[in-house]
Structures are given as C-alpha cells and as structure tokens.
Amino acid sequence: MAQRTVLFVLFDGMQSLDVTGPLEGFAGAEQHTPGTYRIRTASLDGAPVRTSSGLTVVPDETLAQTDAPHTLVVPGGQGTRRPDAHLTDWLREHGPRAERLVSVCTGAIRLAEAGLLDGRRVTTHWAYSDKLARDHPAVEVDPDPIYVRDGQVSTSAGVTSGIDLALALVEEDLGRDAALTIARHLVVFLRRPGNQAQFSAQLAAQTARREPLREVQQWITEHPADDLSVETLAARARLSPRHFARAFQTETGMTPGRYVDRVRLEHARRLLEDTSDGIEEISRASGYGTPEGMRRAFVKALGTAPSEYRHRFHPTPAH
C-alpha cells in the first residue's frame, strides 16, 4: 500500500486538540503499520502558531512548500472566527487536489469560506452550526452527528470527535483490527458511530430551571424502564399533564417524549457497549419492553440494529 501524506493546516487561534487528537490517531497507525502515513504540519509562512489555549506549535514547513496531500486536515478554534483571505485562497486552490478533505470542529468554516463545502452535507461544533448554515446557504449543515462523511469531504464536531473521525479513516485504510489497536492505546472506544449525537440526552436538554422539572429529568435518567408517560411524569412534578408538557419543552428545548426516547436509547447503547447482557434483557431494562421495540428505535435513530451495534462497538478483550 502506498504511503499516504496527512497534512495538518496550522494557524493562530486554532484549537490544539483539533490537531493533536487526530494526529495521534494517524501516528498510532503509522507505528502499527510503518510506511502507512507521512504526517506533516504547515502554516502559511512556516512560522510557529499560537493555539487558543496559549500552546505554541512549530510547523514542519510552509504551505507553499507542501505537495498535494492524500488527506488534508483543517482544525477549528477561535482563529476561525477571523477570516484569513490568504489561507482561504490556498484552501480554494489546493483543497480539491487532496483525496480526502477533513475538518475538525469549526474548521468547517474555513472550508466553507473556500467554497469547498457547497452542495455537501456537513457537521461542525453544535454552537456554530447555525452560523455556518446562515453564512453559507449552499452547505447542508447537520448539527447532530459527531462526524459526517460526504464523498471526499469529512467533517467532525467539537474537539474529541476529531479522534473518532481519524479512527474511522484509519479503519478504512488499514482495517478494523489496526484501528481497534490504536483505539485501545488512546483509551477511547472504537468507534462511536458518526451519526451518534454530539450531546447526551441530559446535555442536549438544557437543564430545567424549576426544581420539580430537574427532579423529573433525573428520575427519567435513573428509571428508564419505568412508566414514563406524560401523565406519570406530570404527577411527579405535581403539575397537570398539559402544564407539565408545555413547561418541560419550554425549559429543556424538547418534549418529554423525545427526552425519554433519548435517555432510553443512551441507556441501551451503554449496556450493549459495556455488558454482555442479552438483547431481551437490555430491551426490558431500557424501557422498550421487547427486542423488536428496541430494534425499531435503534434503526430509526442510528440506522443499525442492536445486534449489529454491539458487534461493531462492544470492546473486545485485549489478549
């Protein structure tokens, strides 16, 4: 297999983890299978760059010196809030020459400014998805997944999701066993599915301001197998069902039913990933009642059945 050059574009104000996280994934792959990747970093003028956290990073070369890479990675960070005409011009010219174009976090903004995301389905950090969609209407922005792959373009959400995307690309290049070895070394799961939501249910729902509603949220999380109908939850909050449903959606940004669905899905996924419990047992423990009910929920939300999800994401004991 020919060696693939992976080029990380550096600029002032970038998020350091957007570079070092994916870079460690590719570096681990090179250690696992020498000769697989040639990893390079470059800034416009070759000068050191200062990350948003104050870390100084010294690039290998200037962007003008680089050859067309196989995989071009553009990080995000505070620096993406300031347009850089020179970097935009370089990306516009050289981005299409890469076989794989990758962004981490708000690096998608850099690619969009260069016109490289027009007509593509992409994602970015949840806090900037509205801005990306508003500023670049030709781009289809999906704020939910941790990463999206659309042809040669792959975009990921905030910071650590860049590692998930890098592992997915390594798995594509070298196979599951190699990617799993690297994931174990980095002490991360291989691998969160790209369509996994950026938020857990508890984070996706803004914490309710009123204590009775917060208590209900906690109850749902701790008792996914219980009766979680609006009527039952309203009684716990000492509100009428109508008042409860309206107040819950106002304060959390989602309906009680949607919140319950997310909590149950996350609970089932954790059991599939972390235990050897049977599908029927997990379906009952997660509030689905039957394996078929859980299967429908998984297919709708994740595009895969529970058994396939476990096969792909349940860690295999190390030997």
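Around atom CZ of Arg258, no more than 12 heavy atoms belonging to other residues, nucleotides or ligands sit under 6.0 Å away.
Evaluation of the side chain to side chain donor-acceptor pair (under 3.5 Å) rule for Gln152 yields no partner, not counting sequence neighbours. For Thr41, the side chain to side chain donor-acceptor pair (under 3.5 Å) partners are Asp60, not counting sequence neighbours. Remark: Arg38 engages no residue in a side chain to side chain donor-acceptor pair (under 3.5 Å) (not counting sequence neighbours). Applying the ring-ring contact (aromatic ring centres under 6.0 Å, His included) criterion to His223, with sequence neighbours excluded, gives Trp219. In this structure, His136 has no ring-ring contact (aromatic ring centres under 6.0 Å, His included) partners at least two apart in sequence or on a different chain. Glu280 is linked by a salt bridge (charged side-chain N to carboxylate O under 4.0 Å, His left out) to Arg284, counting only residues two or more places apart in sequence or in another chain. By the ring-ring contact (aromatic ring centres under 6.0 Å, His included) test, Phe298 is found to be paired with Tyr309, residues two or more places apart in sequence or in another chain being considered. Residues meeting the side-chain contact (heavy atoms from CB on, under 4.5 Å) test with Ala114, sequence neighbours left out: Thr88, Leu91, Arg92, Leu116.
A salt bridge links Glu172 to Arg100: one of the charged nitrogens lies within less than 4.0 Å of a carboxylate oxygen. Ion pairing of Arg40 with Glu61 is present here, as a side-chain N (NZ or NE/NH1/NH2) and a carboxylate O approach within less than 4.0 Å. Ion pairing between Asp150 and Arg121 fails under the 4.0 Å rule for side-chain N and carboxylate O. Of the charged side-chain nitrogens involved, none lies within less than 4.0 Å of a carboxylate oxygen, so that Asp130 and Arg134 do not count as a salt-bridged pair. For Arg269 and Glu266, the salt-bridge test fails: no basic side-chain N is under 4.0 Å from an acidic carboxylate O.
Cluster annotation: Ile163 is connected to Leu55 through the hydrophobic network of ILVMFWY side chains, with a link wherever side-chain heavy atoms come within less than 4.5 Å.
For the pair Arg310/Thr275, a side-chain contact is recorded, criterion being any heavy-atom separation below 4.5 Å from C-beta on.
For the ring pair (Phe, Tyr, Trp, His ring centres under 6.0 Å) condition, no pair includes a residue of residues 59-84, sequence neighbours left out. Sorted by first and then second residue, the side chain to side chain donor-acceptor pair (under 3.5 Å) pairs with a member in residues 45-59 read Thr51-Ser53; sequence neighbours excluded. Listed by first and then second residue, the side chain to side chain donor-acceptor pair (under 3.5 Å) pairs that reach into residues 102-111 are Thr80-Thr106, sequence neighbours excluded.
Classified by interplanar angle (parallel below 30°, tilted 30° to 60°, perpendicular above 60°), the ring pair Phe248/Phe244 is tilted.
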What donor-acceptor contacts under 3.5 angstrom involve side-chain atoms of residues 17-30, with partners at least two apart or in another chain?
from  : atom 1 : to    : atom 2 : distance (Å)
Asp18 : OD2    : Gly76 : N      : 2.9
Thr20 : OG1    : Ser16 : O      : 3.1
Glu30 : OE1    : Gly35 : N      : 3.2
Glu30 : OE1    : Thr36 : N      : 2.9
Glu30 : OE1    : Tyr37 : N      : 2.8
Glu30 : OE2    : Gly35 : N      : 2.8

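Between the NE2 atom of His94 and the CG atom of Leu72 there is a distance of 10.0 Å, given to the nearest 0.5 Å.
A donor atom on one side chain and an acceptor atom on the other are found under 3.5 Å apart for Arg81 and Tyr128.
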